[in-house]
Amino acid sequence: MGKNTPKAIRGTQDIFGAEAEAFAFVVETFERVRKLYRFRRVEMPVFEKTEVFSRAIGETTDVVSKEMYSFEDRGGDSLTLRPEFTAGIARAYLTNGWQQHAPLKVATHGPLFRYERPQKGRYRQFHQIDAEIIGAAEPQADVELLAMADQIIRELGIVDVTLHLNTLGDAESRDAWRAALVEYFRAVKDELSEDSQERLEKNPLRILDSKDPRDRKFVADAPKIDAFLSEDAKAFFEAVTSGLDAAGVKWTRAESLVRGLDYYRHTAFEFIPDEGSEAASKLGSQSTILGGGRYDGLMESLGGAPTPAVGWAAGIERLAMLVGEKGEPKADVIVVVEDDTANAQNHAWYVLHVLRDEGYVAEMIATGSPRKRYDKAVKRGAGAIFKCGYETHGLQVEGSIEPALFELLERLS
RNA sequence: GCGAUCGUAGCUCAGUUGGUUAGAGCGCCGGUUUGUGGUACCGGAGGUCGGGGGUUCGAGACCCCUCGAUCGCCCCA
């Protein structure tokens, strides 16, 4: 590489070969399964007015101030590269009159951007698959959404991953729980980690998933949401869990699983690799592969009518790390041009034309030393190797190919 | 923003307590052998050892700065 060559932006990746195949496999599986559940495809802009995200996420955390890719366009508007799908979809729901389709099931995938320090499974431009059900207040929506997530993960062949499920209750339950937590942790403030002492003021729920042992010993005995759930919230959660059981979705209760943002209500969930599993070690410390919840409070923050909704997103890169090697498929036929005559070359073009029109995967080797071209084809591997020389054309079959292709190649010889 | 580890050919790496013209394998290119072919052999291209400064008679190795990568912390919509 010359020192004059521009380098890739930090946190971006050039995905190629086997990794790109795994990436594509994730997206293809998602697309296939999402149709089984009749989630409708949406394509969203990659950037929005900054306020779409800042109002949705809330100004509270430094997420907005520090971790968004924001810039001014020529008209002076502040725009932001989308850090998530949900806010943009909510905006579209409100500005396009999609209320008429409620309850609306939509799915999408693509790149997202967050200004973060890159590490394993974490990039500045990363990619997610995403599913949302908007305008549905019923727990059935949560169940269906989770059933789809579960099926996608299973069909990807990912094992040793468990659905961790919690409820945050309705607004009243949640506020009461939060107050109790603050009171509980404040009493032992001096014994908490420095980070958690700060969390106590900024985001007390987050103390619950602190990794610091100083915090963990208090987390076990912290007030539980269950004690604060209203009857409605309790019934909602029970409907979700019994629905999951009936739908064959395995789950585990995770009382410490929380969401930082205020608009989340009721169901919150993450699919996480089991401790000590191969999946867990492949992912490092960024272990959640799919996460989401019910965000009944979001639409109002964007100036819309109160609208219940639930959704999830999953990192394609992280899923791709778990799907195993997806080798690039071999060609059905490799056509070897055995000498540099126009005869040989043109016959090769003709053979390739016929093969590809018939739907066979075919490529040509026609460069480098003529003597080594055949070896090159053998190394690359193919169902059949077809040789084009000045006068003769020959067929070499490796392993077994289907009779129709064999006959076609014989005819072309 | 903080911390740890690491930057030597296109790729994976070796380079001994600092010591003559910087190495291997794979890949690439060419040739020989084989001659119906996945082998073997020979040769070639390709590196200001991430960049800058310093210590030294001498630095790929040691020190400082810088850039980048990886992993972790914070954060996690």
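Just so it is clear: chains get the letters A, B, ... in the order the sequence lines come, proteins before strands, and each one is counted from 1.
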Pair [X]-[Y], side-chain donor/acceptor within less than 3.5 Å:
{"X": "A:Ser277", "Y": "A:Asp160", "value": "no"}
{"X": "A:Thr108", "Y": "A:Asp130", "value": "no"}
{"X": "A:Asp274", "Y": "A:Thr162", "value": "yes"}
{"X": "A:Ser230", "Y": "A:Asp232", "value": "no"}

Between [N] and [M], how far apart are the two [atom1] atoms, rounded to whole Å?
{"N": "B:U17", "M": "B:U21", "atom1": "C1'", "result": "24 Å"}
{"N": "B:G72", "M": "B:C65", "atom1": "C1'", "result": "25 Å"}
{"N": "B:A24", "M": "B:C64", "atom1": "P", "result": "33 Å"}
{"N": "B:C76", "M": "B:G53", "atom1": "P", "result": "44 Å"}
{"N": "B:G60", "M": "B:G15", "atom1": "C1'", "result": "8 Å"}
{"N": "B:A59", "M": "B:C67", "atom1": "P", "result": "26 Å"}
{"N": "B:G23", "M": "B:G46", "atom1": "C1'", "result": "14 Å"}
{"N": "B:G50", "M": "B:G31", "atom1": "C1'", "result": "37 Å"}

Notebook entry, point to check: Under 4.0 Å between a side-chain N/O of A:Lys379 and OP1 or OP2 of B:G27, yes or no?
Noted result: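 Answer yes for this pair, as a side-chain N or O of A:Lys379 is under 4.0 Å from OP1 or OP2.
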
Next item on the list: Report yes if at least one side-chain N or O of A:Arg114 is closer than 4.0 Å to OP1 or OP2 of B:C76; otherwise report no.
Entry: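 Checking B:C76 against A:Arg114, no side-chain N or O comes under 4.0 Å of OP1 or OP2.
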
Between the protein and nucleotides 30-36 of chain B, which nitrogen or oxygen pairs are less than 3.5 angstrom apart?
residue : atom : partner  : partner atom : Å
B:G30   : OP1  : A:Ser369 : N            : 3.2
B:G30   : OP2  : A:Ser369 : N            : 3.1
B:G31   : OP2  : A:Ser369 : OG           : 3.4
B:G31   : N7   : A:Lys372 : NZ           : 3.4
B:G31   : O6   : A:Lys372 : NZ           : 3.2
B:U32   : OP2  : A:Arg371 : NH1          : 2.7
B:G35   : N1   : A:Arg371 : NH2          : 3.4
B:U36   : O2   : A:Lys387 : NZ           : 2.9

Notebook entry, point to check: When you measure from every atom of RNA chain B, which of residues 185-199 of chain A have a heavy atom less than 4.0 Å away?
Noted result: A:Asp195, A:Arg199

Next item on the list: Could you list by number each residue of residues 304-316 of chain A showing a heavy-atom separation from RNA chain B of less than 4.0 Å, or answer none if no residue does?
Entry: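 Nothing qualifies; none.
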
Can you list the residues that meet the salt bridge (charged side-chain N to carboxylate O under 4.0 Å, His left out) rule with [X], with sequence neighbours excluded?
{"X": "A:Glu278", "answer": "A:Lys282"}
{"X": "A:Arg32", "answer": "A:Glu155"}
{"X": "A:Glu358", "answer": "none"}
{"X": "A:Asp340", "answer": "A:Arg373"}

In this structure, how many angstroms lie between the [atom2] atom of [N] and the [atom1] atom of [X], rounded?
{"X": "A:Gln119", "N": "B:G1", "atom1": "CD", "atom2": "P", "result": "15 Å"}
{"X": "A:Arg124", "N": "B:U70", "atom1": "CZ", "atom2": "P", "result": "11 Å"}
{"X": "A:Ile57", "N": "B:C75", "atom1": "CD1", "atom2": "P", "result": "16 Å"}
{"X": "A:Lys7", "N": "B:G51", "atom1": "NZ", "atom2": "P", "result": "11 Å"}
{"X": "A:Lys66", "N": "B:C2", "atom1": "NZ", "atom2": "P", "result": "11 Å"}
{"X": "A:Asp215", "N": "B:C74", "atom1": "CG", "atom2": "C1'", "result": "13 Å"}
{"X": "A:Tyr264", "N": "B:A77", "atom1": "OH", "atom2": "C1'", "result": "6 Å"}
{"X": "A:Phe269", "N": "B:A77", "atom1": "CZ", "atom2": "C1'", "result": "14 Å"}

Note to self: Which helical stems does RNA chain B take part in, if a stem means at least 3 consecutive Watson-Crick or G-U pairs with both distances below 3.5 Å?
What the structure shows: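 As far as RNA chain B goes, consecutive pairing (with distances under 3.5 Å) yields the stems B:1-7 with B:67-73, B:10-13 with B:23-26, B:28-32 with B:40-44, B:50-54 with B:62-66.
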
Closest approach to the side chain of [X], judged atom by atom: which nucleotide of [options] is it?
{"X": "A:Ser285", "options": "B:G38, B:A77, B:G72", "result": "B:G72"}
{"X": "A:Pro83", "options": "B:C73, B:U39, B:A77", "result": "B:A77"}
{"X": "A:Lys120", "options": "B:G38, B:C75, B:G72", "result": "B:G72"}

Checklist line | Contacts of A:His347 that satisfy ring-ring contact (aromatic ring centres under 6.0 Å, His included) - sequence neighbours left out | finding: A:His393

Item checked: Non-neighbouring partners of A:Tyr93 that pass ring-ring contact (aromatic ring centres under 6.0 Å, His included), sequence neighbours left out ->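 For A:Tyr93, no residue satisfies ring-ring contact (aromatic ring centres under 6.0 Å, His included) once neighbours in sequence are set aside.
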
Margin query: Using a heavy-atom cut-off of 4.0 Å across all strands, would you classify A:Arg117 as base, sugar-phosphate, or nothing?
Written below: base

Next item on the list: Run the salt-bridge test on A:Arg214 and A:Glu194 with the 4.0 Å N-O cut-off and return the result as yes or no.
Entry: yes

Name the atoms and distances for all side-chain donor-acceptor pairs under 3.5 Å in residues 8-30 of chain A, with sequence neighbours left out.
residue : atom : partner  : partner atom : Å
A:Thr12 : OG1  : A:Ile9   : O            : 2.7
A:Gln13 : NE2  : A:Glu317 : OE2          : 2.8
A:Thr29 : OG1  : A:Phe25  : O            : 2.7

Next item on the list: Please assess A:Val106 against A:Ile89 for the test side-chain contact (heavy atoms from CB on, under 4.5 Å), listing each intermediate value before the final yes or no.
Entry: CA-CA 9 Å; A:Val106 292; A:Ile89 290 173; 4.1 Å; yes

Next item on the list: Starting from the 5' end of RNA chain B, give me the residue, A:Arg206 or A:Ala8, whose nearest nucleotide shows up first.
Entry: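 Its nearest nucleotide being more 5', the pick is A:Ala8.
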
Next item on the list: Could you pick out which residue, A:Val258 or A:Lys376, lies toward the 5' side of RNA chain B when each is mapped onto its nearest nucleotide?
Entry: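 Residue closer to the 5' terminus by nearest nucleotide: A:Lys376.
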
Next item on the list: Just do the side-chain hydrogen bond (donor to acceptor under 3.5 Å, both in side chains) check on A:Gln151 and A:Tyr37 with the steps written out, would you?
Entry: CA-CA 10 Å; A:Gln151 182 163 358; A:Tyr37 286 75; 2.6 Å; yes

Checklist line | Set of residues satisfying side-chain contact (heavy atoms from CB on, under 4.5 Å) with respect to A:Glu31, sequence neighbours excluded | finding: A:Arg34, A:Lys35, A:Arg41, A:His109

Notebook entry, point to check: Got a donor-acceptor contact below 3.5 angstrom from the A:Ser210 side chain to the A:Leu208 backbone?
Noted result: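 Not confirmed, A:Ser210 side chain does not pair with A:Leu208 backbone.
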
